[in-house]
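Some notes on the structure that comes next.
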There are 2 protein chains.
Amino acid sequence: MAPEPGTRSPRATVYTVAERAGVSVATVSRVLQEPHRVKEATRARVLVAIDELDYVPHGAARSLAYHRHEAHGLVLPELSGPYYSELLMGYESVAAAAGYSVVLLLSEGKDDVGAALRRLAGKVDGIVIMGAADVPERTLTALRARVPVLGLTRNDRADLESFATENRSSAEELTRHLLDHGRRRLVFVGSPDLAIDVRERYEGFVAAHDGRPVAPPLPADLRETEGGRVADLVLSGEVEADALMCANDELALAVMDRLVDRGLDVPSDIAVVGWDDVMTARYVRPGLTTVAQPVRDLGARAAARMHDLIVGSTGDPDQHTLPTTVVIRQSCGCPPAGTEAQHTAADTKE
Amino acid sequence: MAPEPGTRSPRATVYTVAERAGVSVATVSRVLQEPHRVKEATRARVLVAIDELDYVPHGAARSLAYHRHEAHGLVLPELSGPYYSELLMGYESVAAAAGYSVVLLLSEGKDDVGAALRRLAGKVDGIVIMGAADVPERTLTALRARVPVLGLTRNDRADLESFATENRSSAEELTRHLLDHGRRRLVFVGSPDLAIDVRERYEGFVAAHDGRPVAPPLPADLRETEGGRVADLVLSGEVEADALMCANDELALAVMDRLVDRGLDVPSDIAVVGWDDVMTARYVRPGLTTVAQPVRDLGARAAARMHDLIVGSTGDPDQHTLPTTVVIRQSCGCPPAGTEAQHTAADTKE
DNA sequence: CACACAAATGTATGCGCATACATTTTGGTC
DNA sequence: GACCAAAATGTATGCGCATACATTTGTGTG
């Protein structure tokens, strides 16, 4: 049936199918678009022809005539860590349920993101961008002239509708938790100007101090490799702290790893908390106290909203914010709960 | 310039641009396709018009005329864990470098994968499927009648070209390593009939025994949630073992977690090893001995090969196998190496 | 300055489908 | 059986682009 892999026979078209079924191309098309409008017997003949010819409609031709690509463009920086994957899974499931495909574009490391974005804009009905802040205004304008655009994570462009997770109040809650443990020399690890999210977390951190003096943030990228450096600053006494609030889990885990390795005890000597609730957070000892974000849901909602925009339903643009959850484990100083308890947040498998 | 977000002006086309630049549509098209064939001055005028109108070519129209979608279809079961993400990143980077998009389809949980696959086949120039084994022969035939198809991970269809990582010999190597540690009651955890990869790992496991009696595999899904159950079988004595070779890291980590939680010491009481080298593997104590796969490279190579198939370069179909690496940490019984040593495999960030 | 030839640009067509509109068939009804 | 509306099907067109082919413009030579 697939005679010579490589010797692909000329692909079937509506014409081929129509001829074989003894009908017109319109009927073939209708069998696929509005089956109920075709008489049972005719429909059956057409379906047989389609099956026999292995007919698959040409997407581009359909898009051109139908005035829709039936595809979403999703732009993410990259895919390391569970964060983006979850987001993507949430997004894809909603898009696919509506019969739309997802065209993925990873922006990090690309030399000409602008060109890639424009090309993308010509192939999809709408674009959701994480990190729209990094896209030149000019490019964004061109994109928006063609398709609706949504942002992921908060951004400065007031006119760009976006979806993000809550940062400030959760950060404040987590910080207060550390203060309640009697910690007094809290240090925020991560550069607030790296991303709006980080800045907001830092703002919550500051807010929780209720006017008490706050140590300046300890600048660091949000990557595993920064952990050693940060930990060494603490170990050498260069940075004084009895609790580290890291901007994400990767950083927190790496810091904690090094601290423990060098003989410190977490949390008795120093508490460490993170942000994201990655899988590792519940496997390390002590379990990492952190903040869980409804990432999958974030993706799903963005997809749903984009679909609305594509099909034309209005609804006013908005800056959507999804709530997060503080996940208490032991790295903050809390005693181990029941064995299973620390796995509470594990329902989103990773 | 984007006046009313929502009041999108009628999109520019080649005609609009041509008119504005005072040239014919052919010239506009040529400016984009073969710039060198257009006189400098004319080209500049056209480019200005394009810029002023925020013109972005209509992908479907281009695809239709150009006889190519300039897109790859990539089908993965899902995206949890670093495995698929890495693969996807490797794939995307190569595809994007060639100016092609990647249309992602996640098969797990979809009720009608067949329909989704067919739709995909109409929108891309080639499809790479992980888990092609689960696709009905009939569907696969239809796909292959339209576009080239590649498999990821080994599969039974001899006629389907595919890319996979090596399993058998690494499994054998890892097993011998456990035997060298003096372990004698090794048990393989995971159902060999779950996937060809698992089967091959089990075969390597068996081969390493050199004819000595081998315990039957302990059936289990390759998921975190199975860990508790498996560990309990060991703890209750129902399964006797001094070393567990788990089919993947998720399983291994969950098993180890429970064992340690119940008071056993890993590795002195029992050794545990996994497969995949996920991030957590190097953060847990003891560090998890496992097998690292060149996943990113796997994706990149598959993309490169698919691109060749799309542009028509032949080269005989082949079953490509990429080598894996045993990563020794402490869960197998080895002493901790230099602090940094256990992080050796960490260069692929996660 | 006439000519040949190359470079630059324009004209016309088809890619494969969806669909508005035209035509034919069907099923009732009196 | 004649007539009419509704159902079923067919015909013709355009979506926006790339490109083969036709035409015009430019360059160099004798």
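By convention in this document, chain letters (A, B, ...) are assigned in the order of the sequence lines, proteins followed by strands, and residues within each chain are numbered from 1. The figures that follow rest on heavy atoms only: side chains count, while hydrogens, waters and symmetry mates do not.
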Contacts of type ring-ring contact (aromatic ring centres under 6.0 Å, His included), residue A/His67, not counting sequence neighbours: none

With sequence neighbours excluded, residues passing salt bridge (Lys or Arg N to Asp or Glu O under 4.0 Å) with B/Arg43: B/Glu40

With A/Arg118 via side-chain hydrogen bond (donor to acceptor under 3.5 Å, both in side chains) - residues at least two apart: none

Results of salt bridge (Lys or Arg N to Asp or Glu O under 4.0 Å) for A/Lys39 - residues two or more places apart only: none

Any residue of residues 13-20 of chain A with a heavy atom less than 4.0 Å from an atom of DNA chain D: none

side-chain N/O A/Ser63 vs C/dC17 OP1/OP2, d < 4.0 Å: no

Candidate nucleotides D/dC17, C/dG10, C/dT9, ranked by approach to the side chain of B/Ser24 - the nearest: C/dG10

Of all pairs that satisfy salt bridge (charged side-chain N to carboxylate O under 4.0 Å, His left out), the ones with a partner from residues 19-33 of chain A, not counting sequence neighbours: A/Arg20-A/Glu52

For A/Asp51, all residues meeting salt bridge (Lys or Arg N to Asp or Glu O under 4.0 Å), sequence neighbours excluded: B/Arg138

Partners meeting salt bridge (Lys or Arg N to Asp or Glu O under 4.0 Å) with B/Asp297 (sequence neighbours left out): B/Arg301

Sequence-distant partners of B/Thr153, side-chain hydrogen bond (donor to acceptor under 3.5 Å, both in side chains), two or more places apart: none

Candidate nucleotides C/dT19, D/dG10, D/dA18, ranked by approach to the side chain of B/Arg62 - the nearest: D/dA18

Side-chain heavy-atom pair B/Leu74, A/Leu104 within 4.5 angstrom cut-off: no

I'd like a table of donor-acceptor pairs (distance under 3.5 Å, sequence neighbours excluded) in which one partner is a side-chain atom from residues 55-66 of chain A, with atom names and distances.
{"from": "A/His58", "atom 1": "ND1", "to": "A/Ala60", "atom 2": "N", "distance (Å)": "3.2"}
{"from": "A/His58", "atom 1": "ND1", "to": "A/Ala61", "atom 2": "N", "distance (Å)": "3.2"}
{"from": "A/Arg62", "atom 1": "NE", "to": "A/Glu70", "atom 2": "OE1", "distance (Å)": "2.9"}
{"from": "A/Arg62", "atom 1": "NH1", "to": "A/Gln33", "atom 2": "OE1", "distance (Å)": "3.0"}
{"from": "A/Arg62", "atom 1": "NH2", "to": "A/Glu70", "atom 2": "OE2", "distance (Å)": "3.2"}
{"from": "A/Ser63", "atom 1": "OG", "to": "A/Gly59", "atom 2": "O", "distance (Å)": "2.9"}
{"from": "A/Ser63", "atom 1": "OG", "to": "A/Arg68", "atom 2": "O", "distance (Å)": "3.4"}

Range-with-range stems for DNA chain D, at least three Watson-Crick or G-U pairs under 3.5 Å: C:1-30 with D:1-30

Phosphate OP1/OP2 of D/dT19 contacted by B/Ser29 side-chain N/O (<4.0 Å): no

Nearest-nucleotide comparison on DNA chain C, the residue closer to the 5′ end among A/Leu32 and B/Gly22: B/Gly22

Identify all pairs in which a protein N or O lies below 3.5 Å from an N or O of nucleotides 20-23 of chain D, and state each distance.
none

Plane angle bin for B/His307 and B/Tyr100 - parallel if under 30°, tilted between 30 and 60°, otherwise perpendicular: perpendicular

Closest to side chain of B/Ala65, choosing from D/dT9, D/dG14, D/dG16: D/dG16

